[in-house]
Amino acid sequence: MSSSIDTRPVILTGDRTTGPLHLGHYAGSLKSRVALQRSHRQFLLLADTQALTDNAHDPEKVRRNVLEVAFDYLAVGIDPLETTICLQSALPALAELTLLYLNFVTVSRLERNPTIKTEIQLRGFERDVPAGFLCYPVAQAADITAFRATVVPVGEDQAPLIEQTNEIVRRLNRQVGRDILVEAEAMIPAVGRLPGVDGKAKMSKSQGNAISLSASPDEITDAVRRMYTDPAHLRASDPGKIEGNVVFTYLDAFSDDGQLLEDLKERYRRGGLGDITVKRHLEDILQALLAPIRERRARYAAEPGHVLGILREGSLKARERTEATLAELRAALGLFTLT
Ligand code: TRP
């Protein structure tokens, strides 16, 4: 849409550039981003500076994966004519807003943030938490408000970050005496997080239980073969459990034939349906889903210069928008101007 007055609600979301995206990202966010890109004005942030907050020891990984994530976006159907894809480190206004916002949040509030608490534990930081990591929710508040986003599609685990953002928004609005920043709402996907193929709670590349969006046909076959089912379901004739059965969880996420799926569940529960048969069905679905994504991805990856152009253009647009917010806020706070 190129009309000069764009009244669509604004979405900002993004991903840390720490590795190529996988099927969990597809089910949890990429699919809905593709679906929302016409009804909403959508900005996607390649969050490389946020990725550094827990990868400062490996900036090369963060750098390398910028294009990988961009390839994934384009491969699943993010249309650069509809969605603005931009690079966080190319938007200095975000860093400056972060610095200003840091004065409107306390260290103890940051330490109480449930997302951060869990992540600190997961990463084993213990007492050696990088200050940048503790403060990344403030940077994320800067991301969201700089774009004046009102809708932020994120996983459930990120909901406390939106709350934190809105607290900062209210503090600043109170400080300047008007609603200069807008509050945002988290849009949590209806489907829960996709488990790993091994049945562990979370699909993640580092756990080796993920199916990447560029997985080859053989890798898909192998992953489905390894998939965790019901360990007590030994023979096809045995009754089986659906709950916690990864094959059925994936079918719930990816099958578009609800009736067929209900029938399969019913037969599996009753006994008389073997794992191999259900897995073959899931494999067909995943092969069909991923084949065009893999092909499109390969085409983009063969033309990195073209993709770079998309990021450059998107970042220019994003720069304008974020700098406008920063300029307004600087003025409202009454910072000294040298002009
Ligand atoms: N925190 C998100 C992640 O871990 C990435 C991100 C950075 C983001 N800035 C954002 C998400 C702003 C939504 C809005 O993947």
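Both ligands and their constituent atoms are indexed starting at 1 by order of listing.
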**Side-chain heavy-atom pair R297, E68 within 4.5 angstrom cut-off** = yes
**Message:** Can you tell me how the ring of H233 sits relative to the ring of Y268, calling it parallel under 30°, perpendicular over 60° and tilted otherwise?
**Reply:** tilted
**Ligand-side contact atoms (ligand 1) for residue partner V152, heavy atom cut-off under 4.0 Å** = 13 (C), 14 (C)
**Message:** For a 4.5 angstrom cut-off between non-hydrogen side-chain atoms, does Y250 reach P195?
**Reply:** yes
**Prompt:** Stepwise, does the ring-ring contact (aromatic ring centres under 6.0 Å, His included) test hold for Y101 with F104?
**Reply:** CA-CA 5 Å; Y101 291 179; F104 294 87; 7.6 Å; no
**Asked** Under 3.5 Å between some N or O of ligand 1 and some N or O of Y136?
**Response** no
**Message:** What I'd like to find out is whether the side chain of V197 reaches to under 4.5 Å of the side chain of R226, using heavy atoms alone.
**Reply:** yes
**Message:** Less than 4.5 Å apart, side chain to side chain, heavy atoms only: is that true for D79 and R38?
**Reply:** yes
**Complete:** Note: ligand 1 atoms sitting under 4.0 Å from heavy atoms of R16 are 3 (C), 4 (O), 15 (O)
**Prompt:** For Q50, is at least one N or O under 3.5 Å away from an N or O on ligand 1?
**Reply:** yes
**Item:** Numbered atoms of ligand 1 (with element) below 4.0 Å of D15, judged on heavy atoms
**Value:** 15 (O)
**Prompt:** Can you list the atoms of ligand 1 that are under 4.0 Å from a heavy atom of Q158?
**Reply:** 1 (N), 2 (C), 4 (O)
**Prompt:** Can you find an N or O of Q140 that's nearer than 3.5 Å to an N or O of ligand 1?
**Reply:** yes
**Prompt:** If you count the atoms of ligand 1 from 1 in the order shown, which ones are under 4.0 Å from a heavy atom of A47?
**Reply:** 7 (C)
**Subset of ligand 1 atoms that lie under 4.0 Å from at least one heavy atom of V154** = 13 (C)
